[in-house]
Amino acid sequence: MIVRYYITCSTCGQQHLLRIQLGASSRQEHSFQCVQCKQTIQVALDLDQKNAGWQFHALDNARLSDIEEGTPVYLSPDFVANGDHIHDETYFGSFDFMRSLMGSSVGQNLMSLTPTKESYPVAEVWTAIERIWRLEDARQYALSGPLNIEFALKHGLTQHTFRENLWAFLNDIFSVDPSLRSQLATAIKGNDSEFRRFLHFYQTNLRQHHRRSELTILTEYFDSFNEHRQVFAYVRTGAPLPKSAKATSTDFQTVKSFYAHAFEFFASQLCILTCLNNILDGRKFDQLKNIALAKYLETDKAKRPQSIANNNEFAMFIKEFDSNIRNASAHNWFFLKQDNATIEYRSGGTGALNELSYTDYLYKCGNLMRQICNLMILELELDQIACDLAVVSR
């Protein structure tokens, strides 16, 4: 459903006809440029999903107008738009998404995109998970316990543990890929004793740090979900972005550092796949082909995927790993140009000048987040195995 509002830019007086597609959350915010003076305008909608109501707010550099005329501007919380048609009065970005999905090799039923009772809406389900997670971290089990039970019952889960709830949430937003679980099973079957050595190493050396970092990364992602959600459906299904794709909301500062932060953690998270790959290759978990694991952990993070390059099943989970973007962001040479649609960056602050569309950047962030979540699910599998084997973590 699309609602229409006429607004005036407070800076130059330009009239706009906003065509805002309603999303699934309780609040959606949009940040875009005035079509005349190019200054940022911010608006929002508060939505009452239960009673199908909404309230419009002109947040910054805008005011509601009684004049029913203006340049059409399409805004959507859930879909990018075709930049060539964003000012067409009859344009719907959701149609582009359906065409992208139908034309891709994803092979998923379109109905899988319809939010179920359990996952609707994603951002608000995350709020419940985050609350429980922080209580669990603080060892406030008397408070987290009832919340875990409440969450599990609400979402139809058979177990009432945080591990089960987090697993269900991650699987719901990105779906578990069976390849990682298959490789894990193969490693266990191939050398159970070496796997147990790795499991003890993971529990004592990696688990605690990873859990803290995972909470940090997920929190950062969902804190700026108003931006990320514009490409979320594409990332979730694997559908390609449509031709001339343009994010209708551009709040660059809220997502500017996300890729670099996610890259840093994901590079560390790859240690798990490296250890499993060592076992699969018939070596000890802490012995790579040419160096020991301790030395590997000191290597340049940009080169770490090389340790699992021979494993096709693992390789598919590291497709998004752009060190140039990480380096540019880390060295503060990562800027949004005046067109409000193109990012300009230099790798390391001194490398060649590159450009990347803001929409593509969001898509890359989403794909990196998906990879992190897949490995998080694998780590939850390791936790369950450790629990079954009574491997105690510190």
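Given the structure is predicted, the values throughout are model-derived calculations rather than measurements. These values consider heavy atoms only, across backbone and side chains, with no hydrogens, waters or symmetry-generated copies.
Separating the CD1 atom in Ile67 from the CD1 atom in Ile7 is a distance of 13.0 Å, to the nearest 0.5 Å. Atom SG of Cys37 and atom CG of Asn61 lie 6.0 Å apart (nearest 0.5 Å).
The heavy-atom pair separating His30 from Pro77 by the smallest distance is CE1-N, 3.7 Å. Between Ala58 and Phe56 the shortest heavy-atom distance is N-CE2, 3.8 Å. The shortest heavy-atom contact between Ala245 and Thr359 is O-OG1, 3.5 Å. Between Phe79 and Gln21, the closest heavy-atom pair is CE1-NE2, 4.0 Å. Of all non-hydrogen atoms in Leu180 and Leu378, the two that sit nearest each other are O-CD1, 4.2 Å. Between Ser249 and Tyr358, the closest heavy-atom pair is O-CE2, 3.6 Å.
Between Phe169 and Trp167, the ring center distance fails the sub-6.0 Å criterion. Between His228 and Phe258, the gap from one ring centroid to the other is short of 6.0 Å. A distance of 6.0 Å or more separates the ring centres of Phe285 and Phe195. Note: Phe317 and Phe314 fail the aromatic proximity criterion, with ring centroids not under 6.0 Å apart.
For the pair Tyr259 (side chain) and Asp322 (backbone), a donor-acceptor distance under 3.5 Å is present. Between the side chain of Tyr91 and the main chain of Asn82, a donor-acceptor pair closer than 3.5 Å is present. Between the Glu130 side chain and the Thr219 main chain, no donor and acceptor come within less than 3.5 Å of each other. Put simply, the side chain of Arg283 gets close to the backbone of Gln287: a donor and an acceptor are under 3.5 Å apart. Not one N or O on the side chain of Glu320 forms a donor-acceptor pair closer than 3.5 Å with the backbone of Leu368. No donor-acceptor pair under 3.5 Å is formed between the side chain of His87 and the backbone N or O of Val73. Under a 3.5 Å cut-off, the side chain of Gln15 and the backbone N or O of Glu69 do form a donor-acceptor pair. Between the side chain of Arg370 and the backbone N or O of Arg236, at least one donor-acceptor pair lies under 3.5 Å. Although no hydrogens or angles enter the test, the distance criterion places no donor-acceptor pair under 3.5 Å between the side chain of Gln28 and the main chain of Asn226. Panel note: side chain Thr248, backbone Ser76; a donor-acceptor pair is recorded below 3.5 Å.
Under 4.0 Å is where a charged nitrogen must lie from a carboxylate oxygen, and between Glu379 and Arg207 no such pair does. Comment: Arg19 does not engage Glu89 in a salt bridge, judged by the lack of any side-chain N to carboxylate O separation of less than 4.0 angstrom. Of the charged side-chain nitrogens involved, none lies within less than 4.0 Å of a carboxylate oxygen, so that Asp137 and Arg212 do not count as a salt-bridged pair. A salt bridge between Glu194 and Lys284 is absent, with no side-chain N of the basic residue lying under 4.0 Å from a carboxylate O of the acidic one. Under 4.0 Å is where a charged nitrogen must lie from a carboxylate oxygen, and between Lys246 and Asp360 no such pair does.
Here the options are Tyr363, Tyr221, Phe174, Trp126, the test is ring pair (Phe, Tyr, Trp, His ring centres under 6.0 Å), and the partner is Phe232; only Phe174 passes.
Classified by interplanar angle (parallel below 30°, tilted 30° to 60°, perpendicular above 60°), the ring pair Trp333/Phe335 is perpendicular.
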What's the verdict on salt bridge (Lys or Arg N to Asp or Glu O under 4.0 Å) for Arg197 and Asp286, showing C-alpha distance, side-chain angles and the deciding distance? CA-CA 9 Å; Arg197 285 187 64 237; Asp286 53 358; 3.6 Å; yes
Is there a side chain to side chain donor-acceptor pair (under 3.5 Å) between Asn148 and Asn165 once you walk through the steps? CA-CA 7 Å; Asn148 273 314; Asn165 290 338; 2.9 Å; yes
Before giving the answer on ring pair (Phe, Tyr, Trp, His ring centres under 6.0 Å), spell out for Phe265 and His210 the whole-Å C-alpha distance, their side-chain angles and the decisive distance to 0.1 Å. CA-CA 8 Å; Phe265 171 62; His210 282 196; 5.4 Å; yes
Go through Asp48 and Asn51 one step at a time and tell me if the side chain to side chain donor-acceptor pair (under 3.5 Å) criterion holds. CA-CA 6 Å; Asp48 181 349; Asn51 299 303; 2.8 Å; yes
Could you check Tyr361 against Phe334 for ring pair (Phe, Tyr, Trp, His ring centres under 6.0 Å), going step by step and ending with a plain yes or no? CA-CA 11 Å; Tyr361 173 68; Phe334 202 60; 5.3 Å; yes
Checking Phe222 against Phe225 for the ring pair (Phe, Tyr, Trp, His ring centres under 6.0 Å) test, could you report, in this order, the C-alpha distance in whole Å, the side-chain angles of both residues, the deciding distance, and whether it holds? CA-CA 4 Å; Phe222 282 106; Phe225 196 57; 5.1 Å; yes
Start with the C-alpha distance between Thr11 and Gln39, add both sets of side-chain angles, then the distance that settles side chain to side chain donor-acceptor pair (under 3.5 Å), and finish with yes or no. CA-CA 7 Å; Thr11 300; Gln39 297 305 299; 5.6 Å; no
The test is side chain to side chain donor-acceptor pair (under 3.5 Å); show your working for Ser31 and Asp251 and say whether it passes. CA-CA 6 Å; Ser31 180; Asp251 192 354; 5.0 Å; no
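Both Leu166 and Leu382 sit in one connected hydrophobic cluster of ILVMFWY residues. Membership requires side-chain heavy atoms under 4.5 Å apart, directly or through other members. Put simply, Leu75 and Phe252 are part of two different groups of oily side chains (I, L, V, M, F, W, Y) that touch within less than 4.5 Å, one to the next. Taken together through direct or relayed side-chain contacts under 4.5 Å among Ile, Leu, Val, Met, Phe, Trp and Tyr, Leu18 and Leu64 form part of one hydrophobic cluster. Under a hydrophobic-cluster definition in which Ile, Leu, Val, Met, Phe, Trp and Tyr are linked whenever side-chain heavy atoms come within less than 4.5 Å, directly or via other members, Met1 and Tyr74 are assigned to different clusters.
Judged purely by distance below 3.5 Å, without hydrogens or angles, the side chains of Asp281 and Asn311 never pair a donor atom with an acceptor atom. Inspection of the Thr90 and Asp88 side chains reveals no N or O donor paired with an N or O acceptor under 3.5 Å.
Around CD of Glu355, the count of heavy atoms belonging to other residues, nucleotides or ligands within 6.0 Å exceeds 12.
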